[in-house]
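Below, each value reflects all heavy atoms present in this structure, side chains not excepted, and no hydrogens, waters or symmetry copies.
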Amino acid sequence: MSKIWVVGIGPGAYELMTVKAAEVLKNCDVIIGYTVYVDLVKEHFAGKEFLTTPMKKEVDRCVMAFEEAKKGKKVAMICSGDAGVYGMAGLMFEVGVNYPEVELEIVSGVTAATGGASVLGAPLIHDFCLISLSDLLTPWEKIEARLLHASEADFVICLYNPSSKKRHDYLQKACDLMLRYKSGDTVCGLVSQIGREGEQGRILTLRELRDTQTDMFTTVFVGNSQTRNLNGKMVTPRGYRNV
């Protein structure tokens, strides 16, 4: 039976890739992915066949992977972060319905939430949720409802895709929604270029975050009512000292 490995390569740095992910890529024949992600791994896996598609060609990319596997090749479909967190794992299973002779194995990786959290300190120690602000695949009305409910429930909120050239004011809109239930003094954090050259972290308040410019390479962390700035680190206590 043919097989495809759907591999989360982590935030970008080779050192943050799991041992299993690296072993799979070393042993495969073809590495397929979005152009930007393939560029991140090329230098570490010389001699492999690399195939890419641009953004918005995800279905084509999946079909390409299955067709290559049918030829008897060992194929890896790579994703930034974790393949099962806003990655290609779900779509590969959907497309895979048409290729019952090809087996899929998902190889997890370090997602931006956990990679960025380690830069800031320990913001995700208690209950948290991930919300993408990209409305390319999700209606803004649904994103808005999720932001409001998560804020009301006092979750730590990790935001992916906070803004882009076409969505330059989306983070501001998101902050306005969260401010309905969260204090303006809520401790927040930003991490850009996680695991890549130029990585930077910053701690600020929700009020300050509202007027901060970000991009698609930034992950945003919004604390809950207990989150604190402890000596320059963003920390959400779980309450062990009170047990």
Ring pair (Phe, Tyr, Trp, His ring centres under 6.0 Å) partners for Y86, two or more places apart: Y160
Please examine the side chains of [Y] and [X], heavy atoms only from C-beta on, and report whether any two atoms are closer than 4.5 Å.
X	Y	answer
T186	M178	no
L206	S183	no
I203	V187	yes
E68	D29	no
P11	V110	yes

Just wondering, are more than 12 heavy atoms of other shown residues or ligands nearer than 6.0 Å to [atom1] in [X]?
X	atom1	value
D169	CG	yes
E197	CD	no
H149	NE2	no
R238	CZ	no
K57	NZ	no
K74	NZ	no
Q200	CD	no
F45	CZ	yes

Grouping I, L, V, M, F, W and Y whenever their side-chain heavy atoms are under 4.5 Å apart, do [X] and [Y] come out in a common cluster?
X	Y	result
M77	I106	yes
L147	L130	no
I4	F93	yes
L51	I31	no
I194	V156	yes

Please confirm whether the backbone N or O of [Y] pairs with a side-chain atom of [X], one donor and one acceptor, at under 3.5 Å?
X	Y	answer
N224	T236	no
R61	P54	yes
S163	L171	no
E199	G195	yes
R167	N161	yes
K20	S108	no
E208	T205	yes
K48	C28	yes
D135	T138	no

Which heavy atom of [X] sits nearest a heavy atom of [Y], and at what distance?
X	Y	value
S134	I143	O-CD1, 3.5 Å
T214	L190	CG2-CD2, 3.9 Å
E144	L177	CG-CD1, 3.5 Å
G201	V119	CA-CG1, 4.2 Å
A76	V7	CB-CG2, 4.3 Å
L124	A113	CD1-O, 3.5 Å

Distance from [X] atom [atom1] to [Y] atom [atom2], nearest 0.5 Å?
X	Y	atom1	atom2	result
E43	D39	CD	CG	10.0 Å
N229	L120	CG	CG	10.0 Å
L209	F221	CG	CZ	12.0 Å
C129	I157	SG	CD1	5.0 Å

Short N-O contact, E23 and K26, less than 4.0 angstrom: yes
Identified side chain to side chain contact (heavy atoms under 4.5 Å, CB included) partner of W5 from the options V107, L104, V75, N27: V107
Sole residue of L25, I32, V6 in side chain to side chain contact (heavy atoms under 4.5 Å, CB included) with I78: L25
Under 3.5 Å side-chain donor-acceptor pair for T218 and S192: no
Y99 side chain to E67 side chain, donor-acceptor N/O pair below 3.5 angstrom: yes
